[in-house]
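Residue numbers count from 1 along this sequence. Ligands are counted one by one from 1 in listed order, and the atoms in each one are counted from 1 as well.
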Amino acid sequence: MQLETFELERTQSLWENTVEYNLTETGIHPLTLRELLPAPELERLYDIPIGYGQTNGSIELREAVSALYPGADRDNVLVTNGSIEANFIALWTLLEPEDELVVMLPNYMQIWGLGRAFGMKVKPFYLREELGWQPDLDELGKLVTSKTKMIAVCNPNNPTGAVLTDEAMSEIVKLAQGVNAWLYADEIYRGAELKGDETPTFWGRYDKAIVAGGLSKAYALPGLRIGWLVGPDDEISDFWARRDYVSITTAILSNRVATLALQPELRQKILERNRKMLRENLAMLTEWVVEHDPLFKFRPPQAGGMTFLSYEMDMNSTELVTRLRKERSTFIVAGDSFGMDGRVRIGIGSEQDYLQAGLKRIDELLVDITAC
Ligand SMILES: Cc1ncc(COP(=O)(O)O)c(C=O)c1O
């Protein structure tokens, strides 16, 4: 198997802990257990035997997850080690080598890279900035064929922060239905909307829709490593059987904390805390972009802790972020990681002082660059 480097994840893994300002994250500044839970709940955690637990996820957690998806019950849920494991298992289970996989780009590049490694025929369809980061539906219509086995989307999208319109969602469902393909939606940024309602889920729109979600982004709890798959009972059983070969289970303590975080009142509190941070940080970043006009431009995200900026500078994006990392100990993501040079992704989920200091470091580098 030929595996291409997962550039986005690999560069982050290499450098995110070595810099002073890491602005590569797309989630929100993580919560501590103390911030999250009242003392009596913390106290109860001490007494949980640290066993394997229920390997498809505790019943209470699967029930809490299924409550987020109308019509679903606990048998429609497999709890996974982050949504990254959800994506891996879904792709590995549902498709065979040579199958045609139509994938939204730009994207978190896992499904794109894995599909290629598994020998699938990966056909990208693009979100277009001139269409407000929506897909060109005619173009997508031409790409989907009778051989298409899956259409995979990321909604809200990483890195653009765009949310599909209702029209686009309906058309994607129609196209998948028309060729009897799986519709796979990575919805990990759902709940991190900057304004308006929660992004609608693809779950329930089509009997072959499978969605992934998790606590790493909108809930600011990435270290719990809790993600999930929601799908038809039979496929959820198949996913579980495959997962036996991968990681057996998810951590029992994480299952308990995740269950508590998903109880309606606490869930609401977490999401409100996070959306407030994102709104305030987006306002600050927007000001920064305006100050740098016309060097940087961007379409504000609708959801998620990230902004995807284009820049007017005669410099490759990898070179720009490498200089920023080496010379100013500040880390952002190169557009190259998404196959889109001339852009950078800057996270807006950190604490405000930290983000501000990171942006100042970018300013310092820009002064150096323009002085040359
Ligand atoms: C779209 C998308 N899916 C999945 C993941 C993996 O997240 P997790 O930490 O839940 O495994 C990420 C991480 O950045 C992501 O952006």
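Among Leu140, Val102, Asn155, the single residue meeting the side-chain contact (heavy atoms from CB on, under 4.5 Å) criterion with Ile172 is Leu140.
Closest heavy-atom approach to atom 8 (P) of ligand 1 among the candidates Ser216, Gly305, Gly227: Ser216.
Counting heavy atoms closer than 4.0 Å to ligand 1, residue Ile84 contributes atoms from both its backbone and its side chain.
Aromatic rings from Phe298 and Phe308 are positioned such that their centres are separated by 6.0 Å or more.
From the protein, the heavy atom lying nearest to atom 7 (O) of ligand 1 is Ile188 CD1, 3.4 Å. The nearest protein atom to atom 5 (C) of ligand 1, hydrogens excluded, is given as Tyr108 CE2, 3.4 Å; this is a heavy-atom distance. If you check which protein heavy atom lies closest to atom 3 (N) of ligand 1, you get Asp186 OD2, 2.6 Å.
Near Cys154, the atoms of ligand 1 lying under 4.0 angstrom from a non-hydrogen atom of the residue are 1 (C). Of all atoms in ligand 1, listed by their number and element, those nearer than 4.0 Å to a heavy atom of Tyr189 are 1 (C), 14 (O), 15 (C), 16 (O). Atoms of ligand 1 lying under 4.0 Å from at least one heavy atom of Lys217, given by number and element, are 12 (C), 13 (C), 14 (O). Set against the non-hydrogen atoms of Arg225, the atoms of ligand 1 under 4.0 Å away are 8 (P), 9 (O), 11 (O).
A salt bridge between Glu85 and Arg225 is absent, with no side-chain N of the basic residue lying under 4.0 Å from a carboxylate O of the acidic one. The residues Lys360 and Glu364 are annotated as not salt-bridged, no charged nitrogen and carboxylate oxygen being separated by less than 4.0 angstrom. By the 4.0 Å N-to-carboxylate-O rule, Glu171 lies close enough to Lys174 to be salt-bridged with it. Taking a cutoff of 4.0 Å between a charged side-chain nitrogen and a carboxylate oxygen, Glu98 and Lys147 do not qualify as a salt bridge. Using a 4.0 Å cut-off between charged nitrogen and carboxylate oxygen, Lys149 and Glu100 do not count as a salt-bridge pair.
Formation of a donor-acceptor pair under 3.5 Å by the Arg275 side chain with backbone atoms of Gly191 is found in this model.
Using a non-hydrogen distance threshold of 4.0 Å, Ser83 registers as a contact of ligand 1.
For ligand 1, none of its N or O atoms has an N or O atom of Asn81 under 3.5 Å away. Checking only distances, Asn158 does come within under 3.5 Å of ligand 1, N or O to N or O.
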